[in-house]
Number of protein chains: 2
Amino acid sequence: MRVSKEVMADHRTQILDAAAQLFRARGFEGVSVAELMKQAGLTHGGFYGHFSSKEDLIARALERLLLQSTKKWENVMEQADGDPIVAFAKSYLGMAHRSGEGCLFPTLGADLARLPADTRVNFAKPLSSFFESIAKFFRGKSHKDRRQASIVAFASLIGAVVLAQAVEDKSFSNEMLEAVSASLAKQQRLSTG
Amino acid sequence: MRVSKEVMADHRTQILDAAAQLFRARGFEGVSVAELMKQAGLTHGGFYGHFSSKEDLIARALERLLLQSTKKWENVMEQADGDPIVAFAKSYLGMAHRSGEGCLFPTLGADLARLPADTRVNFAKPLSSFFESIAKFFRGKSHKDRRQASIVAFASLIGAVVLAQAVEDKSFSNEMLEAVSASLAKQQRLSTG
DNA sequence: ATTATCTATAGATCTATAGATAATGC
DNA sequence: ATTATCTATAGATCTATAGATAATGC
């Protein structure tokens, strides 16, 4: 059942997309290769024609997801109606509820720390570039100050989603998400006005 | 090889301590019952005399760890030399590097979200109490403002550790940890002064 | 006599591979 | 002829249990 080169490339993309979604929903260990391939519409054994191992897939899927996400968020800020940071926070927190979507750091954060070093190496560059490209939306005397503000803002968003996910009480979850959202909005108002 | 009631209680504590450490280092799925019992100095099969299942152990271990941690952090703040929040941030971020120690939210955050609902229910109350008890160290017009500030500060600390863990580059990790630490210190200086 | 712990193993699950199959592309 | 995909399975690992063992505590 051989397929054309183009179709094979599509299959690879389907596997990567399924991986990005399932891994965020259930973690690396919560998804078997067989289930992943089923979601991608292919059979179990075919997986190893596309990737050398599950570890290999994890590295490729994360690479792709991080680049896609940072690009998307940069777009949200560039095209924002009001304050770019407030628009980003709203978009970021809004996706957090939908399983298998949203940012990879809150949903895979702990798993990322346990990846082999050579996979984690690839994270530094796109993440640092992301901070560089959003730093301009923050106020601060120096570029260093603006970069620092972007790191703090991103960290608080990640933490808010981690906390919100950990508790079952929806109103408490919302309180924590809104606390961070309101704090970012307030800070932008202060520095802008 | 029956042991006394007291010794059995000790064994239970040993299992819970081993769980708290191993789970934070490698996640729930990264630790087998056999390995856990070996670390606790007992044999595999004996586990089921103490807990009905691995799920049961996870719930008990998290319950205990959350109460222990919040108590410890409250102490750090109460007994702080300088600003309590700065002391907390220093202590919190300082432990983040040591594997199997530190806060459960950055090291288990993603795994927490995937726990059954009845386990996650137990998280809300101690977490909310924690915010209540540290709110007094923040400045703000109303209690609601102070509680909000405590949520935002905690979220930014969690996010900082998640980000720092995800990248291999140590100097980049430190940059992110220090950005959050410096931002909290600055905010306390502003509101205190 | 009761029961906490131990050894051994059943049953399920998961990664990775081997060998067969059938469509592409020279 | 080449090769992407499929079926089937080997080998490893993990949770949970069954039955034996030996020390406690009435």
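Labels below follow one simple rule: chain letters A, B, ... track the order of the sequence lines, proteins then strands, and each chain is numbered from 1. All values reported here derive from a predicted model rather than from experimental measurement.
Nearest-nucleotide assignment on DNA chain D puts the 5′-proximal partner with B:Val31, out of B:Val31 and B:Glu6.
Spacing between atom NZ of A:Lys38 and atom P of C:dT15 amounts to 15 Å, rounded to whole angstrom units. Going from atom CD of B:Glu29 over to atom C1' of C:dT13 covers 12 Å, rounded to whole Å. Going from atom CD of B:Glu55 over to atom P of D:dA16 covers 8 Å, rounded to whole Å. Summarising the geometry, the separation between CG on B:Leu57 and P on D:dA16 is reported as 10 Å, rounded to the nearest angstrom. Rounded to whole angstrom, the span from the NZ atom of A:Lys54 across to the P atom of D:dT13 amounts to 15 Å. For the pair A:Phe28 CZ and C:dT15 P, the interatomic distance rounds to 13 Å; values are reported in whole Å.
Salt bridge annotation for A:Arg114-B:Asp111: present, with a cationic side-chain nitrogen under 4.0 angstrom from a carboxylate oxygen.
A heavy-atom distance below 4.5 Å is found between the side chains of A:Leu57 and A:Leu36. Between A:Leu184 and A:Leu157 the shortest side-chain heavy-atom distance falls below 4.5 Å. Looking at heavy atoms from C-beta onward, B:Val180 lies out of side-chain contact with B:Tyr92 at the 4.5 angstrom threshold.
In terms of heavy atoms, B:Gln188 sits closest to B:Ile85 at NE2-CG1, 3.4 Å. The shortest heavy-atom contact between B:Ala179 and A:Val152 is O-CG2, 3.5 Å.
Between the side chains of A:Arg147 and A:Ser128, at least one donor N or O sits under 3.5 Å from an acceptor N or O.
Tested against B:Phe130 for a ring pair (Phe, Tyr, Trp, His ring centres under 6.0 Å), the candidates B:Trp73, B:Phe105, B:Phe123 yield a single pass: B:Trp73.
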Secondary structure string for DNA chain C (Watson-Crick or G-U under 3.5 angstrom, | for other-strand pairs): ||||||||||||||||||||||||..

What pairs of nitrogen or oxygen atoms, one from the protein and one from nucleotides 4-6 of chain C, lie under 3.5 Å apart?
residue : atom : partner : partner atom : Å
C:dT5   : OP1  : B:His11 : ND1          : 2.3
C:dT5   : OP2  : B:His50 : NE2          : 2.6
C:dC6   : OP2  : B:Thr43 : N            : 2.8
C:dC6   : OP2  : B:Thr43 : OG1          : 2.4
C:dC6   : O5'  : B:Thr43 : OG1          : 2.7

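Checking the phosphate oxygens (OP1, OP2) of C:dA16, a side-chain nitrogen or oxygen of A:Tyr48 falls inside 4.0 Å.
Taking the six-membered ring for Trp, A:Phe137 and A:Phe88 have ring centres at least 6.0 Å apart.
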